[in-house]
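Some notes on the structure that comes next.
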Amino acid sequence: MLKKEPLVSVCMPCYNHEEFVGQAIQSVLSQTYSNFELIIVDDASADNSAEVIHSFEDSRIRVKVIEENTGFGAAEYMFRQARGEFVCWLDSDDIWEPTLLERYMEFFQGHKECGACFCRPIIIDGSGCILTEHLFCSIFSEENLKNMEKEKWFRKIFIEGNYLCSSTLCIRKNIYEQVGELRFQYKQVHDYDYWLRFLQVAEIYVLPDRLARYRIHWEGENANFSTPTSEVICRDEVERAYILLEVMEGVGEGFFIKAFSDLLCFSPEEEGFCLECEKFLMIEKSEVCPSLSAVFYYYRHYQDERFRYYCKNYYGITNNMIYEMAGNVNIGQSESLLSDSKPKQEKKPLTKDMVFNPWDKPIAVWGAGIRTEKIMKNGLINFPIECIIDREKKSLGAIKTILPDVIEDWKKCYVIVTPKKFEDEIFRILEEKGLQHGDDYIGYDEFCKFSSKIYKNKLFSDLNNECIATVIMPELPLGDMCAIIGFLKAYKEKMGKSLVFYALGEHGKEVLELCPYIERVEKIPIECMEYLEDTVREGKNNLLDMRTLLADEDKLDFLKVVKRILQLPEGIRYDRITPGISSDMEKVEKLFQSLGLREGKTIFIAPDTDLFGPLGKELKSIAFWTRLSEALAEEGYDAVFYSKEAVVSGIPYVFLELAELPRFIEMCGNVVGIRSGLLNFIAVFTDVAIQCFWPEDDSIYFNTDTWKNFAERGSLSQTDRSQEMIEAGLALTKEMNRTDKVFEFVCQNDWQDIETIIRNLRFI
């Protein structure tokens, strides 16, 4: 039973359907759901349609007869006249089953997020006979009408064409007004245009039931607009061509990427990604009249220098290809852009006689993209770089970036080519400049292989040194890194050797260098690790590979796992650590004072590593942290955020190197935040009081892609796994003897949490 019965406006346009309009009207009047209005517009029918319409007497019917045929003017009039919360469409030769409106209203009542609902139609002919092998039977098949999110519906309709039957439509009136009217200047495919616009705004749903009968007329006066005559085919092609062009230009970047993610040539974070080029290729991939739309799209954007650059250098889209596509429009043929790619240059194999010695002459890196930035940050390029070569002259830090055209003597530099996708093309250019592969330039994978020799020699030397215990450390969250270094004093005493760590990833080296029990930390770029695996296997007896932590079934009880891998007795306690690297005290103290903070009366707020991360958004809003800061100010405390960006107007924020963080925390005197690796780090390296809380429904904490993937690797459910993570965090606190300095509590609501935090401050 429906909780309420909203008004539904049923719109029925009619033109020369005296034979069918009576059945259509009766199917509406026979609905089990009664709160509707039926708006009928007769668009100057030349037969007796108007008489048939007027023969029905029902207060819910409103009739408008137009004296001169307007085409689709009747439809526009009806939508403007609709007074209902929902609007339905029924062509005057189609029929509804009695329960259609009731089923739709029941569905909408439980699905507030849905903007429109359809059902699967039964296909009938002019006599009402059911058709089972007609083309439309396959179009409206169960396979084509599987429900999916709006981005995937958009993609399906954009590439394949319309699968939604207009006579089964029921739409929320407010969503219709938000999207805008049906554009009936498109006589052939106005519904196709509308759904491409609608799906960028709201979700749709197709009921699996067959609750309507859609009538097909191939011939005669009542022939459907989709009857494949030469005129219809031509008009259809022209209208679709413009719609594809217009819709694709207007669709937002986020929506586009989600809809076509698996068809993109480059992912958004990759070097070479260009939204306009990706859109061009999606138009070209469409099965409904692609050539004309793609050609016009290219012409529209060709004046943009950036678009031309990416077309030529990353996507291989050339003017000649567009000329060919334009020439084939009339015959409806369009060759795939991908088939026009140039033959690849065959690389010369690198031999042992080719010596890669970057110290012989200055290094030039070709490519100012993400890969170059990453390998420089990770320490893969650990020697001076003269310049970066890039066709857009993008800046990358303090290193100068130059265009390839301005280089006069290519022999003066050794070139490292980082863009893998266009490596062959760049190799051809360098070869034309007279450079020799291996002697004068090298590719990305080859460079990684050669660079790994530096680390291989160091690793081999350490593995063969009887006085050194060598450890390979994977990149782990801060809290887990702290759990490991807390037992290194005991491990060093057991081994009786110097500890040397080889750290993978960005954060490992920074944390490990703070541990006073480690003699040396080497950072191995992840790109080189695969070339070191043979050395790792050969030195297994003298190497502790802590990457096995990630393969352990009981990895959530991290302290137990670490003790077992380090082969330490169960009774060994966690060791509190004083940082082995002292921070720049003067710098930290000046920063503290410049923010107007007071020692011992400042709250260091760590909502997450970054407040704009997924946890910060889902668990506590910015408004909560603002209210907390205001409440702390009333109690006589200052507040400072730990964030990479300014998050709240008027509240100071910092983002420090890990070596500088302990001293800054000690000056603050108090810490509040969400339980995370950062708080474990603070607990290990300071004696400052910490308040941290978990969400009431801790599944929120783990409702991120990272934690979902983490949960999938084990056998526990997310709820059980989150509970174990809480226990593991508490166990670490107990191991550090910090139970008197750490307050753990489950968050309830904003004001209650603020009161709890302030109450705890009074007991510190």
Side-chain angles (χ1 to χ4, degrees), residues 7-84 86-102 104 119 121-131 134 136 165-171 182 184 187 190-191 210-227:
L7 178 65
V8 180
S9 297
V10 181
C11 298
M12 182 185 296
C14 178
Y15 179 72
N16 289 348
H17 274 171
E18 67 171 305
E19 184 181 352
F20 311 112
V21 66
Q23 297 176 54
I25 295 172
Q26 188 58 55
S27 74
V28 177
L29 298 178
S30 300
Q31 291 293 302
T32 55
Y33 184 90
S34 59
N35 191 24
F36 63 80
E37 61 174 358
L38 174 56
I39 306 170
I40 308 173
V41 175
D42 181 72
D43 198 7
S45 295
D47 60 7
N48 294 318
S49 294
E51 287 79 354
V52 175
I53 294 169
H54 284 297
S55 69
F56 287 87
E57 295 183 2
D58 192 298
S59 60
R60 295 170 296 184
I61 298 177
R62 289 192 285 148
V63 180
K64 170 78 171 179
V65 176
I66 299 176
E67 299 299 328
E68 185 175 345
N69 185 265
T70 62
F72 287 104
E76 294 176 306
Y77 170 84
M78 286 185 297
F79 275 102
R80 294 193 187 104
Q81 293 297 310
R83 298 177 297 200
F86 296 89
V87 179
C88 292
W89 179 277
L90 178 61
D91 287 323
S92 56
D93 57 341
D94 297 332
I95 302 170
W96 281 349
E97 299 298 323
T99 59
L100 180 140
L101 287 181
E102 182 179 357
Y104 279 177
C119 70
I122 299 169
I123 308 302
I124 60 176
D125 63 13
S127 302
C129 297
I130 297 176
L131 304 176
H134 192 275
F136 277 77
C165 180
S166 59
S167 274
T168 71
L169 163 66
C170 184
I171 186 173
L182 283 151
F184 291 110
K187 181 176 182 180
H190 49 270
D191 51 348
R210 297 181 182 273
L211 301 174
R213 296 176 180 244
Y214 181 71
R215 200 182 301 269
I216 297 296
H217 311 278
W218 282 127
E219 299 176 351
E221 189 177 356
N222 289 312
N224 296 84
F225 278 116
S226 52
T227 302

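- No side-chain heavy atom of W89 sits less than 4.5 Å from a side-chain heavy atom of I171.
- The two atoms that bring Q31 and F36 nearest to each other are CB-CE2, 4.4 Å, heavy atoms only.
- In this structure, the side chains of I123 and I216 come closer than 4.5 Å at one or more pairs of heavy atoms.
- The side-chain heavy atoms of D42 and I66, taken from C-beta on, include no pair separated by under 4.5 Å.
- Proximity of a side-chain donor or acceptor of Y104 to a complementary backbone N or O of T168 within less than 3.5 Å is detected.
- To the nearest 0.5 Å, atom CG of residue L29 and atom CZ of residue F56 are 6.5 Å apart.
- Proximity of W96 to R213: side-chain heavy atoms (C-beta onward) are nowhere separated by under 4.5 Å.
- With hydrogens and angles disregarded, a donor-acceptor distance shorter than 3.5 Å links the side chain of S92 to the backbone of P13.
- Between the OG atom in S167 and the CG atom in L90 there is a gap of 5.0 Å [rounded to 0.5 Å].
- Taking 4.5 Å as the limit, some side-chain heavy atom of V8 sits within range of a side-chain heavy atom of C88.
- Between V21 and D93, every side-chain heavy-atom pair lies at or beyond the 4.5 Å cut-off.
- The shortest side-chain heavy-atom distance between L38 and I25 falls under the 4.5 Å cut-off.
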Give the C-alpha distance, both sets of side-chain angles, the deciding distance and a yes or no for side chain to side chain contact (heavy atoms under 4.5 Å, CB included) between H54 and V65.
CA-CA 10 Å; H54 284 297; V65 176; 3.8 Å; yes
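- The main-chain N or O of S34 is found under 3.5 Å from a side-chain atom of R60 such that the two form a donor-acceptor pair.
- Here E37 pairs with R62, R83 under the salt bridge (charged side-chain N to carboxylate O under 4.0 Å, His left out) rule; sequence neighbours left out.
- Checking side-chain atoms of S30 against main-chain N and O of Q26 turns up a donor-acceptor pair under 3.5 Å.
- To the nearest 0.5 Å, atoms OG (S166) and CG (D191) are separated by 6.0 Å.
- The CD1 atom of I95 sits 12.5 Å away from atom CG of L100, with the distance rounded to the nearest 0.5 Å.
- In this structure the side chain of F79 never reaches within 4.5 angstrom of the side chain of S9, judged on heavy atoms.
- How far SG of C14 is from CD of E18: 9.5 Å, rounded to the nearest 0.5 Å.
- Summarising the geometry of G126 relative to F20, their closest heavy-atom pair is O-CE2, 3.3 Å, with the distance given to 0.1 Å.
- Between L131 atom CG and I124 atom CD1 the span is 8.5 Å, to the nearest 0.5 Å.
- Checked by atom type and distance alone, the side chain of R215 pairs as donor or acceptor with a backbone atom of D125 at under 3.5 Å.
- Just one residue in the list V10, V41, I40 forms a side-chain contact (heavy atoms from CB on, under 4.5 Å) with M78, and that residue is V41.
- Side chain of D43 to main chain of Y15: no donor-acceptor pair is present (N/O by atom type, distance under 3.5 Å, no hydrogens or angles).
- The pair R210-E97 does not meet the salt-bridge criterion, since no charged nitrogen lies less than 4.0 angstrom from a carboxylate oxygen.
- Each of I61, V28, D91, V63 was scored for a side-chain contact (heavy atoms from CB on, under 4.5 Å) with M12, with one residue passing: V28.
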